[in-house]
Trainee: 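Just dropping this structure here.
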Amino acid sequence: MAKLATIREHMERYNPQEIEGKWRRFWEKRKAWKVNLGRAKKPYYNLMMFPYPSAEGLHVGNVYAFVGSDIHGRFQRMWGHDVFEPIGFDSFGIHSENFAIKKGTHPKEQTAKNIKHFTEQLKQLGALFDWDRAVITSEPEYYKWTQWLFLQLYKAGLAYKGKAPVDWCPSCKTVLADEQVIEGKCERCDSVVLQKDLEQWFLRITKYADRLLKNLETIDWSEKTKIAQRNWIGRTEGTSITFKIENSKEEIKAFTTRADTLYGATFLVLAPEHPLIASVTSKGIQEYVEAAKRKTELERRAEEKEKTGVFTGFYAINPLNKEKIPVWVADYALMGYGTGALFGDAHDERDVEFARKYTIPLKATVITGDKKQDQKILSLEQCFTEYGILVDSGPFTGMTSREAMKKVTEWLTEKGLGESKVTYHLRDWLISRQRYWGPPIPVIYCRKCRESTKHKTQSTNKSQNTKHKSQTEDRYGIDYVVINGVEYAIVLVPEKDLPVRLPKIKDFRPTGTGKSPLASVSSFMKTKCPVCKGSAQRETDVSDTFLDSAWYFLRYPCTEYANKPFDKKRIKKWLPVSMYIGGHEHAVLHLLYTRFITMALEDMGYIEFGEPFKKFRAHGLITKEGTKMSKSRGNVVNPDEYFVKYGADTVRTYLMFLGPMAEGGDWPDKGIVGVYRFFNRLWTLVAKPSLATAKLGLASELASELVNEVLRHKTIKKVTEDLENLRYNTAIAALMEYFNALQRSDKATREQINTLLILLSPFAPHLTEELWGKLGNKGSIHNQPWPKYNPRILKEEQLRLVVQVNGRVREVLSVARGISEKEAVALALQQEKIKKWFPSGKPKNVVFIKGRLLNLVSY
RNA sequence: GUCGGGGUGGCGGAACCGGUAGACGCGCAUGGUUCAGGACCAUGUGGGGUAACACCCAUGAGGGUUCGAGUCCCUCCUCCGACACCA
């Protein structure tokens with residue numbers, strides 16, 4: 001007998017492994033989440049950032065992100081949307097290649113292996129993923145179109161090859177984009193980056209700077225992300241001022257945001273890369289420039305940012321007061337910002353520091369109204385950088401800084417000596433990578449074509465980059481590169497020849513020579529020119545991973561089209577993306593690039609929208625004991641053991657219970673058992689034979705207590721609102737509260753429990769499906785409509801009127817909702833706890849907030 | 001330095017427009033159940049105070065506005081994140 005009971009008890013226990021596997025197989029077989037993309041009536045594109053499969057498996061941080069997004073998808077699905085929730089792998093790139101190198105395997109094999117394991121793990125999550133449409137960026141079927149995209153960008157004048165000082169990571173042995181350099185270090189491996197002058201491929205994202213900025217107002221994104229983008233774009237308004245050079249026809253345009261300080265200009269500084277310097281023959285200067293370029297960020301840091309510079313030997317004329325000021329070259333001026341030149345004065349800390357070091361005179365022209373400070377500033381003991389009143393500034397004396405900035409700029413503009421200028425922090429996107437594991441850039445260099453088209457190129461000055469050339473549709477014969485002193489025409493690989501396949505080579509490791517490993521594979525490099533059919537060579541660099549991920553969301557709904565990257569009609573139906581959820585670390589990388597590419601595609605006429613994601617929400621970070629999980633720290637938590645111990649439903653729900661989605665949380669605290677207990681208790685309640693028969697069978701009006709009904713509707717309201725706002729943690733709390741009430745009351749009806757299960761189903765899809773069936777309901781719980789609450793029922797609840805005396809709570813009264821102020825005061829004054837505060841029997845003042853509180857004031 | 005976000009029990013975190021601070025969960029305590037362990041169930045759990053109430057104190061610190069402040073304003077302390085020689 002005892003044994004039998006134990007077995008029975010065991011059988012009835014909540015066993016996540018058993019039911020989760022069962023339902024997953026069932027759903028997969030039925031293709032339960034499949035959406036017919038062509039026919040769907042209410043398309044909802046629920047997108048999450050796809051993972052880099054650059055590890056053996058998922059960590060709980062990935063799980064957190066995917067589950068949060070999946071819950072949103074499930075919620076939208078139950079609202080009646082046709083939810084398309086795709087998944088894929090961002091499998092090209094340095095992360096994947098580095099991982100393969102570490103493992104000593106070929107990236108192709110390692111990536112395949114990783115993807116296989118990731119897939120197994122992802123399938124355990126119980127998400128709505130459409131696996132038939134999985135996108136893998138390292139497959140030729142995909143990167144063919146990444147290369148196609150590059151060709152279109154080139155034809156539109158948005159891709160160019162140019163020589164520029166670029167950041168080089170000596171460990172990854174490749175150049176990096178501006179965005180991938182963090183505090184002078186490589187984003188991937190933390191190595192200190194070096195500056196190199198290299199000929200590289202760029203995408204002209206700066207052309208879109210203003211649009212990228214302005215459009216932010218039109219999209220529903222987390223404010224944090226928008227701010228990060230605004231900062232990165234870094235639009236600055238200022239003035240460009242033309243300084244004539246003494247005894248020369250040359251002039252220098254200097255950029256400033258403080259035109260009001262122009263009277264105080266006592267020197268001019270050029271960036272070491274400034275074009276004017278190239279024409280200066282003085283040996284000392286050239287040496288300085290070379291040395292500055294060779295400097296690494298580390299060296300600059302070690303010197304504690306000490307500024308260095310050298311006097312050029314010539315002088316410039318201040319257009320305002322005609323003063324003669326020396327022109328210097330210094331490494332604190334940056335070529336990429338403003339005009340690459342600035343004037344130095346006493347109202348900028350960097351200028352002052354530099355001037356002191358080289359004993360260049362300074363002159364203060366701006367002061368505050370404060371007497372004491374006036375003296376200090378005029379004696380130059382202190383560098384005053386704020387706005388103030390102008391002194392010693394000719395006709396501008398006495399003006400405020402703001403006024404003067406305007407007037408000075410106007411004056412200069414009138415005289416043709418300056419103009420308003422806008423500059424940006426944003427730089428063009430450098431996409432060349434001297435690595436193996438990426439899509440080869442589909443370009444061929446042909447010597448013969450260059451020879452035969454040389455006449456087309458007007459200017460022979462090729463010392464600078466191609467940035468400023470005019471844009472035409474067909475640049476054949478005009479654009480060229482110089483390799484080892486020989487000119488080659490840039491010829492695009494014809495679209496019909498795509499993809500340029502990445503050959504499987506043995507020696508795929510980065511070379512460090514400034515060239516991709518592909519450069520030593522002659523079978524790849526040597527090719528025929530598609531124009532002249534003569535022998536030519538291929539570009540051997542591959543493109544940045546972020547180019548792969550800049551358009552993947554367009555591919556998902558169109559994976560069945562082999563002859564085009566995406567289908568216009570399909571795209572029109574499903575895009576822009578309804579909701580995008582992902583990590584905040586991509587705020588200025590992926591999210592900015594993606595917006596740029598979308599705008600470019602719109603301008604080229606391929607799509608009809610300029611913003612890819614209508615709504616974006618950043619999720620927080622899951623940490624381990626307060627620190628970021630990372631492979632290098634070795635504190636990555638593998639979710640597998642938790643799946644085995646507690647099941648996916650518990651892991652899903654627990655992760656969401658940690659805190660608000662936007663804030664992330666710490667894993668693990670022991671709290672996971674709390675959710676597991678909750679599910680066990682739910683299981684027990686539903687499995688109770690008594691519930692399955694008598695009470696559950698009754699109609700709700702007869703059996704339910706009003707209390708439970710009110711709570712049911714309240715819970716629907718709360719959970720619905722919370723899910724809309726991604727406040728999953730409080731939604732779960734409300735569900736627990738509701739469950740606790742049902743369990744306690746012992747009068748729960750089937751409807752009340754069904755509501756609980758439906759509301760819980762986005763969090764715990766397997767468990768709720770099982771219990772839904774156990775209660776004798778038909779069909780899948782996931783096909784149920786989302787419950788609606790009845791506002792009338794919420795009003796039936798008794799009001800708990802808070803009674804305060806002098807703003808402090810003294811009593812809580814249960815009263816009818818419609819109670820009037822008069823009635824409430826009278827009732828309150830009958831209470832012992834209240835009465836004693838009013839010896840006179842009457843309050844001096846009464847504050848009554850209907851439906852909420854009563855405050856009686858005794859003074 | 002600049003920009004952004006925080007500081008609430010032993011812990012994770014709740015608290016709509018200013019209106020019962022600490023929901024929900026973890027942990028802990030006591031009791032029940034069990035051969036035992038675990039699991040489970042019940043009750044309690046910010047601090048002081050009380051037999052129990054009452055009452056007092058409490059949301060980083062200090063001040064202010066208000067009938068009433070975690071929430072609004074000012075000053076300061078502190079932690080975290082992003083960017084950083086950007087003129």
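Because only heavy atoms are used, hydrogens play no part in the values below, and waters and symmetry mates are left out as well, while side chains stay in. Proteins come first, then strands; the chains are lettered A, B, ... in the order of their sequence lines, and each starts at number 1.
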Trainee: Of all the nucleotides listed (rA14(B), rA87(B), rA54(B)), which has the minimum atom distance to the side chain of Lys836(A)?
Mentor: rA54(B)
Trainee: Side chain of Lys224(A) only, heavy atoms from C-beta on: which candidate in rG13(B), rG4(B), rC85(B) is closest?
Mentor: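 Out of rG13(B), rG4(B), rC85(B), the nucleotide with an atom closest to Lys224(A)'s side chain is rG4(B).
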Trainee: For the side chain of Arg852(A), starting at C-beta, report the closest nucleotide among rA23(B), rC17(B), rC85(B).
Mentor: rC17(B)
Trainee: Side chain of Thr256(A) only, heavy atoms from C-beta on: which candidate in rA84(B), rA87(B), rC85(B) is closest?
Mentor: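 For the Thr256(A) side chain, the nearest candidate turns out to be rA87(B).
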Trainee: Between Phe657(A) and Lys833(A), which residue's closest nucleotide on RNA chain B lies nearer the 5′ terminus?
Mentor: Phe657(A)
Trainee: Suppose we define a pair by two distances each less than 3.5 Å, Watson-Crick or G-U wobble; what does rC35(B) pair with here?
Mentor: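 Across all strands, not a single nucleotide pairs with rC35(B).
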Trainee: Is any side-chain nitrogen or oxygen of Asn740(A) closer than 4.0 Å to OP1 or OP2 of rG25(B)?
Mentor: yes
Trainee: On a whole-Å scale, what distance lies between the P atoms belonging to rG13(B) and rC80(B)?
Mentor: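 After rounding to an integer number of Å, I get 16 Å for this pair.
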Trainee: Within the pair Arg230(A) and rC3(B), is there a side-chain N or O less than 4.0 Å away from OP1 or OP2?
Mentor: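 Looking at the OP1 and OP2 atoms of rC3(B), neither is under 4.0 Å from any side-chain N or O of Arg230(A).
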Trainee: Considering only the C1' atoms, how many Å lie between rG81(B) and rU75(B), rounded to the nearest integer?
Mentor: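 These two C1' atoms come out 25 Å apart once rounded.
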Trainee: Which nucleotide sits closest to the side chain of Ala733(A): rG25(B), rA23(B), rG12(B)?
Mentor: rA23(B)
Trainee: For a quick check of understanding: with a heavy-atom distance under 4.0 Å over all strands, which category does Ile227(A) fall into, base, sugar-phosphate or nothing?
Mentor: sugar-phosphate
Trainee: Would you kindly say whether Asp351(A) and Tyr332(A) are connected by a side-chain donor-acceptor distance under 3.5 Å?
Mentor: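 Result is yes, a qualifying pair exists.
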Trainee: Considering only atom P, compute the distance from rC26(B) to rC41(B) and round it to an integer number of Å.
Mentor: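 After rounding to an integer number of Å, I get 10 Å for this pair.
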Trainee: Select one nucleotide: of rA21(B), rA87(B), rG19(B), the one nearest the side-chain heavy atoms of Asp348(A).
Mentor: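 In terms of side-chain proximity for Asp348(A), the closest of rA21(B), rA87(B), rG19(B) is rA87(B).
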Trainee: Before we go on, tell me: are the rings of Trp328(A) and Phe354(A) under 6.0 Å apart, centre to centre?
Mentor: yes
Trainee: Among the candidates rA21(B), rA14(B), rA87(B), find the nucleotide nearest to the side-chain atoms of Val809(A).
Mentor: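 So the side chain of Val809(A) is nearest to rA21(B).
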Trainee: Identify whether any heavy atom of Lys844(A) sits under 4.0 Å from a base atom; if not, whether one sits that close to sugar-phosphate; answer base, sugar-phosphate or nothing.
Mentor: nothing
Trainee: Considering every strand shown, what is the Watson-Crick or G-U wobble mate of rG27(B) when both distances are under 3.5 Å?
Mentor: rU45(B)
Trainee: Just to be sure I understand the rule, does Asn855(A) reach a base, reach only the sugar-phosphate, or reach nothing, if contact means heavy atoms closer than 4.0 Å?
Mentor: base
Trainee: Given the C1' atoms of rA52(B) and rG44(B), what is the spacing between them in whole Å?
Mentor: 15 Å
Trainee: Is any side-chain N of the basic residue among Arg235(A) and Glu237(A) closer than 4.0 Å to the acidic one's carboxylate O?
Mentor: yes
Trainee: Going by atom types alone, do Gln229(A) and Arg595(A) pair a side-chain donor with an acceptor below 3.5 Å?
Mentor: yes
Trainee: Looking at the base of rG19(B), is there any donor atom on it, or on the side chain of Gln804(A), that sits under 3.5 Å from an acceptor on the other one?
Mentor: yes
Trainee: Give the nucleotide from the list rC85(B), rU20(B), rG12(B) with an atom nearest to the side chain of Leu658(A).
Mentor: rG12(B)
Trainee: For the C1' atoms, the ones on rG5(B) and on rG9(B), what distance do you get once it is rounded to whole angstrom?
Mentor: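 Each nucleotide's C1' atom is 23 Å from the other's.
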Trainee: What's the gap between rG27(B) and rU20(B) when it is taken at their P atoms, as a whole Å value?
Mentor: 30 Å
Trainee: From C-beta outward on Leu853(A), which listed nucleotide comes closest to its side chain: rG25(B), rG19(B), rA15(B)?
Mentor: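 Selected nucleotide: rG19(B).
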Trainee: Does the distance from a Lys or Arg side-chain N to an Asp or Glu carboxylate O, for Glu721(A) and Lys717(A), drop under 4.0 Å?
Mentor: yes
Trainee: Which nucleotide sits closest to the side chain of Val802(A): rU20(B), rC85(B), rG13(B)?
Mentor: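 Out of rU20(B), rC85(B), rG13(B), the nucleotide with an atom closest to Val802(A)'s side chain is rU20(B).
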Trainee: Classify the angle between the aromatic ring planes of Trp683(A) and Tyr14(A) as parallel (below 30°), tilted (30 to 60°) or perpendicular (above 60°).
Mentor: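 Ring orientation, 0 to 90° scale: tilted.
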Trainee: Strictly by Watson-Crick or wobble contacts shorter than 3.5 Å, is anything paired with rG4(B), and which nucleotide is it?
Mentor: rC80(B)
Trainee: Taking only N and O in the side chain of Asn680(A), is any of them less than 4.0 Å away from OP1 or OP2 of rA39(B)?
Mentor: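 False: Asn680(A) side-chain N/O out of range (4.0 Å or more) of rA39(B) OP1/OP2.
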Trainee: Strictly by modelled atom types, are Thr409(A) and Thr239(A) linked by a side-chain donor-acceptor pair under 3.5 Å?
Mentor: yes
Trainee: Taking atom C1' in both rG18(B) and rU66(B), compute the distance separating them and give it to the nearest angstrom.
Mentor: 9 Å
Trainee: Base, sugar-phosphate, or nothing for Ala333(A), non-hydrogen atoms under 4.0 angstrom?
Mentor: base
Trainee: Would one find a side-chain N or O of Arg810(A) under 4.0 angstrom from OP1 or OP2 of rC55(B)?
Mentor: yes
Trainee: So, is Arg808(A) near the phosphate of rC55(B), with a side-chain N or O under 4.0 Å from OP1 or OP2?
Mentor: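 No, Arg808(A) has no side-chain N/O under 4.0 Å of OP1/OP2 on rC55(B).
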Trainee: Which is true for Ile849(A) with a 4.0 Å heavy-atom rule: it touches a base, it touches only sugar-phosphate, or it touches nothing?
Mentor: base
Trainee: Would you indicate what Val847(A) reaches in the nucleic acid, counting non-hydrogen atoms under 4.0 angstrom: base, sugar-phosphate, or nothing?
Mentor: base
Trainee: For rU33(B) versus rA69(B), give the span between their C1' atoms, rounded off to a whole number of Å.
Mentor: 48 Å
